[in-house]
Amino acid sequence: SALYGSSALAAVIKIYTNLPNEERLHTDLLIGAGSESTYKLKASLNGKIRKTQIGIEVLQHKTDGINSYLSDMWPDSDGTTYGTVGFSLTNQLSKKLKIGVQGLYINGTREFDYQFPETEEESIDEQWSIRAEYKYRSDWDMFFSAGHYLDQITDYTSGIQYTENKTRNRTFKWSNR
């Protein structure tokens, strides 16, 4: 690969406990490993119970990365570590009305090769929303959603915070289709 070189190795083991069936819950487990101390672990639970669709996913990823300097003066690597939790829950209340809620949380750190050997960035991303769909007629749907989004990045050099960027958004949407 262009990032890790021609000697990079990777492996993935994926275990299916059952064949997916829309009327029951099923699980997925992913275990991955590679060069530069890279690993990925992911577990999910998805499916449908009566009129309720459920989805939950948890992910942990880490890699030490590679040293972008050509000398051994600073033998650090560009590493990344992050964890993710996501969920979705939707219920068909009636033939005409469906409601749902979903969320995503990501927390991670990244290390960079700059002029200082200990440059790091911490990030947090949050997304949450609720939604409702109403089928007024066969050719007319109404849709409403409300959500929250947060993106926060904090930079450190040699363990000292030097910048913080935070973006918050709240959204409301109503449409006729």
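Residues that satisfy the ring pair (Phe, Tyr, Trp, His ring centres under 6.0 Å) test with Tyr149, not counting sequence neighbours, are absent from this structure. Scanning for side chain to side chain donor-acceptor pair (under 3.5 Å) contacts around Thr52 gives Asn91, with sequence neighbours left out. Legend: residues meeting salt bridge (charged side-chain N to carboxylate O under 4.0 Å, His left out) with Asp141, ordered by chain and number and at least two apart, are Lys135. For Glu126, the salt bridge (charged side-chain N to carboxylate O under 4.0 Å, His left out) test picks out no residue, with sequence neighbours left out.
Atoms CD1 and CG, from Ile31 and Leu41 in turn, are 6.5 Å apart once rounded to the nearest 0.5 Å. Interatomic distance, CG of Leu25 versus CG of Leu45, reported as 5.0 Å (0.5 Å rounding). For the atom pair NE2 (His148) and CD1 (Ile130), the distance works out to 13.0 Å, reported to the nearest 0.5 Å. Note that the NZ atom of Lys42 and the CD atom of Glu57 stand 4.0 Å from one another [nearest 0.5 Å]. In this structure, the separation between OG on Ser88 and CG on Leu104 is 11.0 Å, given to the nearest 0.5 Å.
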When the side chains of residues 164-175 are checked against the rest of the protein, which donor-acceptor pairs come out under 3.5 Å, sequence neighbours left out?
{"from": "Glu164", "atom 1": "OE2", "to": "Gln152", "atom 2": "NE2", "distance (Å)": "3.4"}
{"from": "Glu164", "atom 1": "OE2", "to": "Thr154", "atom 2": "OG1", "distance (Å)": "3.3"}

Practice task
Carefully, step by step, assess Asp155 and Glu120 under the rule side-chain contact (heavy atoms from CB on, under 4.5 Å).
Solution key: CA-CA 6 Å; Asp155 294 313; Glu120 185 174 281; over 6 Å; no

Exercise for the section: Apply side-chain contact (heavy atoms from CB on, under 4.5 Å) to the pair Phe87 and Val101, showing each step before the final yes or no. Expected result: CA-CA 8 Å; Phe87 73 92; Val101 61; 4.1 Å; yes

Exercise for the section: Verify side-chain contact (heavy atoms from CB on, under 4.5 Å) between Leu93 and Lys51, making sure each step is shown before the conclusion. Expected result: CA-CA 7 Å; Leu93 293 176; Lys51 295 180 179 184; over 6 Å; no

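Using a distance-only test at 3.5 Å, with no hydrogens or angles considered, a donor-acceptor pair links the side chain of Gln92 to the main chain of Ser94.
Relative ring orientation between Tyr136 and Trp140 is described as perpendicular, the plane-to-plane angle rising above 60° on a 0-90° scale split at 30° and 60°.
Residues Leu97 and Phe143 do not share a hydrophobic cluster, clusters being chains of Ile/Leu/Val/Met/Phe/Trp/Tyr side chains in contact below 4.5 Å. In the hydrophobic cluster analysis, where Ile, Leu, Val, Met, Phe, Trp and Tyr join through side-chain heavy atoms closer than 4.5 angstrom, Val85 is grouped apart from Ile56.
The minimum heavy-atom distance between Gln53 and Gly47, with the atom names listed, is NE2-O, 3.2 Å.
For residues 28-64, every residue pair satisfying the ring pair (Phe, Tyr, Trp, His ring centres under 6.0 Å) rule, not counting sequence neighbours, is listed here: His61-Tyr82.
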